[in-house]
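This one's a predicted model, so the numbers in the text were calculated from it and none came from an experiment. Quick note on labels: first sequence line is chain A, next is B, and so on, each numbered from 1.
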Amino acid sequence: MPELPDVEVYRQRLQNAARGRTLQGARVYDGQVLAGTSARALDRALRGARVAGTRRHGKALYAVMHRAPHLRLHFGMTGDLVLAGADDRDPGHTRVAFLLPAGRRLLFVDQRKLGEVGLVDDVDDDVAQHDLGPDVLDLDAAALAALLRGSGAGLKALLTDQQQVAGLGNIYTDEVLFQARLDPRAPAAALSDAGVGRLFRQTHRVLERAVRADADPAAMPRGWLLHHREDSASCPRGNGEIRSFSVGGRRGYWCPACQEGGT
DNA sequence: GGCAATGTTAGCCG
DNA sequence: TCGGCTAACATTGC
């Protein structure tokens, strides 16, 4: 699940559960998700550290502690962050537990173990080190236009490149381009002013609506493409058939009738 | 058994 | 250097 809306929901969960609280430590059940740290070092760094706040940049989530190091979470393809009470049993695939006061725990759950848990000295430095572009919701319309016009890549390839803009993944990029009636394969630089305007508005509309839906697709509007990600499914607008294509090894879905040639 | 799955990244090619 | 593609990572489910 973890694209921007999912990670934003995890951030809110982290914020509500942990902000202002002092962690009691961390239990690591599967060290494979640790990045650049050890179970021992993680536990030692977090025990007695107070959570001052939270930050999200693209798909990366940070717990900002009252002093360095801070906690960095990345959720890969299947990561989740779950709040558990003292008596709750761990869900399957729980890899790390962050211990809160009163026996509560925040659980880093990750079936496929492509996620990462690590420590960073400085959040901005970490964002820079991963070469992340600006968070997609922090871009204003002019900056988005400049990014598009300066790129030689296709629209979808550009929007999913975290080094260009951070936060959009496979599913929501397809959704935004469908809502904005833009061809995923069109060169980004070819977008008209009107196309840039639609892309900007739909990016915000889709992502903000998805966050309000708690990143739960079942709670998102019927008219959204994400309910129709299947070859020859019917277009939610009734315009024709959904078709799939491949970009950078990922499967994308679009409605040629709505999006073809739309720039 | 085969194939694809919300992400990232290294390596190859033109 | 850039953009595109593939494979690999690890695991599950259709």
Undergrad: Residues of residues 113-138 of chain A with any non-hydrogen atom less than 4.0 angstrom from an atom of DNA chain C: list those, numerically ordered, please.
TA: A:Lys113, A:Leu114
Undergrad: Under the side chain to side chain donor-acceptor pair (under 3.5 Å) definition, can you give me all pairs with a residue in residues 38-47 of chain A, not counting sequence neighbours?
TA: A:Asp43-A:Arg47
Undergrad: Between the side chains of A:Arg13 and A:Asp80, is the shortest nitrogen-to-carboxylate-oxygen separation below 4.0 Å, so that they form an ion pair?
TA: yes
Undergrad: Who pairs with A:Arg149 by side chain to side chain donor-acceptor pair (under 3.5 Å), at least two apart in sequence or on another chain?
TA: A:Asp193
Undergrad: Starting from C1' on B:dA5, measure out to CG on A:Asn170 and report it in whole angstrom.
TA: 10 Å
Undergrad: When the P atoms of B:dA4 and C:dC5 are compared, how many Å lie between them, rounded to an integer?
TA: 16 Å
Undergrad: Using the criterion of both pairing distances under 3.5 Å for Watson-Crick and G-U wobble pairs, give all stems of 3 or more consecutive pairs involving DNA chain C.
TA: B:2-5 with C:11-14, B:7-14 with C:2-9
Undergrad: I need the CZ-C1' distance between A:Arg250 and B:dT9, as an integer number of Å.
TA: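 So the CZ-C1' distance, A:Arg250 to B:dT9, works out to 13 Å.
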Undergrad: Could you give the distance separating B:dG2 and C:dA7 at their P atoms, to the nearest angstrom?
TA: 15 Å
Undergrad: Take atom NZ of A:Lys59 and atom C1' of B:dT8, then tell me their distance rounded to the nearest Å.
TA: 9 Å
Undergrad: Just the rounded figure in Å: distance from P of B:dT9 to NE2 of A:His74.
TA: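 Computing the A:His74:NE2 to B:dT9:P distance gives 8 Å.
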Undergrad: My understanding is that only residues two or more places apart in sequence, or in another chain, count here; which of them pass side chain to side chain donor-acceptor pair (under 3.5 Å) with A:Asp124?
TA: A:Arg55
Undergrad: Looking at A:Arg251, A:Glu175, A:Lys156, which one forms a side chain to side chain donor-acceptor pair (under 3.5 Å) with A:Asn170?
TA: A:Lys156
Undergrad: Please, which pairs that meet ring-ring contact (aromatic ring centres under 6.0 Å, His included) have at least one residue in residues 42-74 of chain A, sequence neighbours excluded?
TA: none
Undergrad: Listed by chain and number, what are the side chain to side chain donor-acceptor pair (under 3.5 Å) partners of A:Arg56, not counting sequence neighbours?
TA: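 If we apply the side chain to side chain donor-acceptor pair (under 3.5 Å) test to A:Arg56, skipping adjacent residues, the hits are A:Glu8, A:Asp135.
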Undergrad: Which hydrophobic side chains are connected to A:Leu107, either touching it within the sub-4.5 Å cutoff or through other members that do?
TA: A:Val82, A:Val109
Undergrad: Could you state the atom-to-atom distance from CZ of A:Arg112 to P of B:dT8 in whole Å?
TA: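 So the two atoms are 12 Å apart, to the nearest Å.
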Undergrad: Between A:Gly249 and A:Gln162, which has a closest nucleotide on DNA chain B that is more 5'?
TA: A:Gly249
Undergrad: What integer distance in Å separates A:Gln111:CD from B:dG7:C1'?
TA: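 After rounding, the gap between these two atoms is 14 Å.
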Undergrad: Please list all pairs passing the ring-ring contact (aromatic ring centres under 6.0 Å, His included) test where one or both residues lie in residues 83-136 of chain A, with sequence neighbours left out.
TA: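 Output for this query lists A:Phe75-A:Phe108.
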Undergrad: What is the nucleic acid contact for A:Gly169, judged by heavy atoms within less than 4.0 Å: base, sugar-phosphate only, or nothing?
TA: sugar-phosphate
Undergrad: Provide, to the nearest angstrom, the distance between the CG atom belonging to A:Asp231 and the P atom belonging to B:dA4.
TA: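 Going from A:Asp231 (CG) to B:dA4 (P), I get 12 Å.
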Undergrad: Need two values: the first and the last nucleotide of DNA chain C, 5' to 3', having an atom under 4.0 Å from any heavy-atom of chain A.
TA: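 Endpoints of the contacted stretch of DNA chain C: C:dG3 to C:dT12.
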Undergrad: To which residues is A:Leu225 joined in a hydrophobic cluster, defined by side-chain heavy-atom contacts under 4.5 Å among Ile, Leu, Val, Met, Phe, Trp and Tyr, whether direct or through other members?
TA: A:Phe178, A:Ile242, A:Tyr253
Undergrad: Applying side chain to side chain donor-acceptor pair (under 3.5 Å), name anything that partners A:Asp231, two or more places apart in sequence or on another chain.
TA: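 Checked A:Asp231 against side chain to side chain donor-acceptor pair (under 3.5 Å); matches are A:Ser244.
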Undergrad: Give the rounded distance in Å between these two atoms: CG of A:Leu81 and C1' of B:dT6.
TA: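 For the pair A:Leu81 CG and B:dT6 C1', the rounded distance is 16 Å.
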